[in-house]
Amino acid sequence: MPPLPSHARRHGRLTAIAANVARKTLWMLLVLWGITLISFWVIHLAPGSPTDMETTLNPLAGEAARQRLEALYGLDRPLHVQYADWLMRLLHFDFGNSMSADSRPVLTKIMERLPLTVGMNVTAMVLTLLIAIPVGIVSACRRNSLLDRSVTVLVFLGFAMPSFWLALLLMMLFGIELQWLPISGLTSMHYDQMSLWGKFCDLARHLTLPILVYTVGGLAGMSRYMRACMLEVLQQDYILTARAKGLDEKNIIWRHALRNALLPVITLLGLSVPGLIGGSVIIESIFALPGLGQLFYAAVMARDYTMIMGNLVLGAVLTLFGNLLADICYGLADPRIRSAKDDA
Amino acid sequence: MLPRAVKNALGRHAMLLIGLFIVLGMSLAALLAPAIAPYNPDALHLNHILEPPSSRFWLGTDRLGRDVFSRLLYGGRVSLWVGFVAVGISISIGTTLGLISGYFRRWVDETIMRIVDIMLCFPSFFLILAVIAFLEPDLINIMIVIGLTSWMGVTRLVRAETLSLREREFVDAARLAGSSTGKILFCHILPNALAPVLITATLGVAGAILVESSLSFLGLGVQPPTASWGNMLMEGKAVIENAPWLSVYPGLAILITVLGYNLLGESLRDIFDPRLRR
């Protein structure tokens, strides 16, 4: 077959990526449905009910009050009816109202909390990549050097370090011992009277420690993975060719090897989303930050079904979206990826 | 001076030895806790509340005057127990599904692998939290839930092994000799796939210990007064400004234990499974 002109090839590639994305999206919707199915039944069949807080634990409320409340939340209907109803609403992006005293829409409550959690995670992720990629590359290029060995030791420590303990240690050092940074909350008491710049600095000071904890949490895995991918790429024939051509080492590593070594790292980013979501529950609870994790924790404690389901769906969507994004980046970065390749 | 051969072996397997040493040491300390612990872990020494480490209370005392060192030893039992049982559950599920998936292929494989995909997309810590909070947090529930949400990696691994092992002659021979499918799966294929499974199990213990301590730290794990490293840290956080030792030692215990299992698992992987070597 004669080689296609470059614009046609480019077009073909984009079409392939688009087809791939469409197929993936369809599959993701199925996965999402599976996740809602499992979590809805697990959560509704587990003991306890959202009405407990206001009735069983309240000596003034009787059986009649409990039944009225259940009717209000629609909990008196058969479970499959409740699920069908909930799913139908979800199709219209209606997550229902929170089953707590304030009865506000779940989506509104989530949206209030989302920016903080996503913001912290994205910042931490960028920092992680900025540190982990160079560290991984240097470790791989100077394999078994003193530097590589020290990095390996740090990586093992990082893997074993519970995030909440790291948070406690940092609080002790920077918050209590040195008094440099605040240890809890999002803003100071007189935040409202601050200038715009003052507000920004205040927020930044409050968020430094949490973001540091997130970053360290991701660092070990990411740099280890980067190192492994780099080592693998450096053994490939085309690197040998590049060396034989007489390219200088800098060129080989930063232009030829890095591109290919970055591919698997993109996938790892997509896969790390569920872990980050889980981690936010712990980190937000330690630093008393009003984010999604804290919202979820409170919802679980109050058995607020709609709120829990809303969070689980959102978490799953973010995860799936992360995977899809990774797929797209992968497709753009690696010309070998064609829609057919997945099926193999 | 050590002979050179011994020195070389020590150098090459330093990771393995350190890991083994930590794992054995921590296991022994947990098993022998009643013999080693200087005090009853729940005994209140009300005259010695929040005392810093001293010769009498090696790692200090907590808010109720309980001996931190004794509680650490007993907390180790919880961690060890959770780690092993949770991993036992996840390995059993993962191995069985992986064997079935890889051996029968076609729609069985397709179905199981899609379930694995779904489970991998679960924000699993969210689900664990929700389920634990609903089921009354106790040790058994925690172990079951951690086990039920962590079998996917093992399934993939065992499936891959089975896919290649099922084509080998000894499996054909077993089939010809009239072995039942169950016998082929568990007596012929599984033993040959055991090394990677055991390595994953070792790393899994570390993961389960981390999850348990996170849950206990959030107050959804092992409930006080039973000591666990996670809930000791939770109790310590309340007095972090006055009694920092309460927030240091339990965390250190988690770090060292998890490190030990990770070192052991990774070095076993290097030794037994060169294909997986990174």
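This is a predicted model, so every value here is computed, not measured. Every chain is numbered from 1 and lettered A, B, ... according to where its sequence line falls, protein lines coming before strand lines.
Per-residue heavy-atom pair counts under 4.5 Å with chain A were compared for B:Leu220, B:Val248, B:Ile128, B:Leu210, and the maximum is reached by B:Val248. In terms of non-hydrogen atom pairs under 4.5 Å with chain B, the most contact-rich of A:Trp165, A:Trp27, A:Phe159 is A:Trp165. Per-residue counts of heavy-atom pairs under 4.5 Å with chain B were compared for A:Ile38, A:Ile286, A:Leu318; the largest is that of A:Ile286. Counting heavy-atom pairs closer than 4.5 Å to chain A, the top-ranked of the candidates B:Gly236, B:Ser213, B:Gly260, B:Ala206 is B:Ser213. By number of non-hydrogen pairs under 4.5 angstrom with chain A, the leading residue of B:Leu129, B:Leu255, B:Thr257, B:Ile256 is B:Leu255. Of all the listed residues (A:Val42, A:Leu312, A:Ile308), the one sharing the greatest number of non-hydrogen pairs under 4.5 Å with chain B is A:Leu312. Each of B:Gly230, B:Ser247, B:Pro250 has some count of heavy-atom pairs under 4.5 Å with chain A, and the biggest count is that of B:Ser247.
Heavy-atom distances place the backbone of B:Leu120, and not its side chain, under 4.5 Å from chain A. In this structure, no portion of A:Met28 lies under 4.5 Å from any heavy atom of chain B. For a residue to count as touching a neighbouring chain, one of its non-hydrogen atoms must lie under 4.5 Å from one of that chain's; by this rule B:Leu252 touches chain A with backbone and side chain alike. B:Ala130 touches chain A through backbone and side chain together, each having a heavy atom under 4.5 Å away. For A:Phe156, the parts lying near chain B are the backbone and the side chain together; criterion is any non-hydrogen pair under 4.5 Å. Proximity to chain B is absent for every atom of A:Leu276, based on heavy atoms less than 4.5 angstrom apart. Within the 4.5 angstrom heavy-atom criterion, only side-chain atoms of A:Leu320, from C-beta onward, approach chain B. In this structure, the portions of A:Leu168 lying under 4.5 Å from any heavy atom of chain B include both its backbone and its side chain.
With 3.5 Å as the limit, one finds no donor-acceptor pair spanning the side chains of A:Ser285 and A:Gln294. Between the side chains of B:Thr111 and B:Asp109, not a single donor N or O lies within less than 3.5 Å of an accepting N or O.
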Checklist entry - Should B:Leu16 and B:Ile271 be marked as a side-chain contact (heavy atoms from CB on, under 4.5 Å) after you check the CA-CA gap, both sets of side-chain angles, and the distance that decides it? => result CA-CA 9 Å; B:Leu16 179 76; B:Ile271 294 168; 4.0 Å; yes
Next on the checklist: Under the criterion side-chain contact (heavy atoms from CB on, under 4.5 Å), I'd like the reasoning laid out for A:His44 against A:Tyr83: C-alpha separation, chi angles, the key distance, then a yes or no.
Outcome noted: CA-CA 10 Å; A:His44 281 253; A:Tyr83 179 67; over 6 Å; no
Next on the checklist: side-chain contact (heavy atoms from CB on, under 4.5 Å) for B:Glu212 and B:Val78? Distances and angles first, verdict last.
Outcome noted: CA-CA 9 Å; B:Glu212 182 273 324; B:Val78 170; 4.0 Å; yes
Item to check | Trace of the side-chain contact (heavy atoms from CB on, under 4.5 Å) decision for B:Met232 with B:Val68 | outcome: CA-CA 9 Å; B:Met232 290 173 74; B:Val68 172; 4.0 Å; yes
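Cation-pi check for B:Arg156 over B:Trp151 is not met; the charged atom does not lie both under 6.0 angstrom from the ring centroid and within 45 degrees of its normal.
Below 30°, between 30° and 60°, or above 60°: for B:Phe84 and B:Tyr261 the angle between ring planes is above 60°, a perpendicular geometry.
The shortest non-hydrogen separation linking A:Arg113 to A:Gly291 is NH1-O, 3.1 Å.
Classification of B:Glu110 and B:Arg114 as a salt-bridged pair holds, one side-chain N sitting under 4.0 Å from a carboxylate O.
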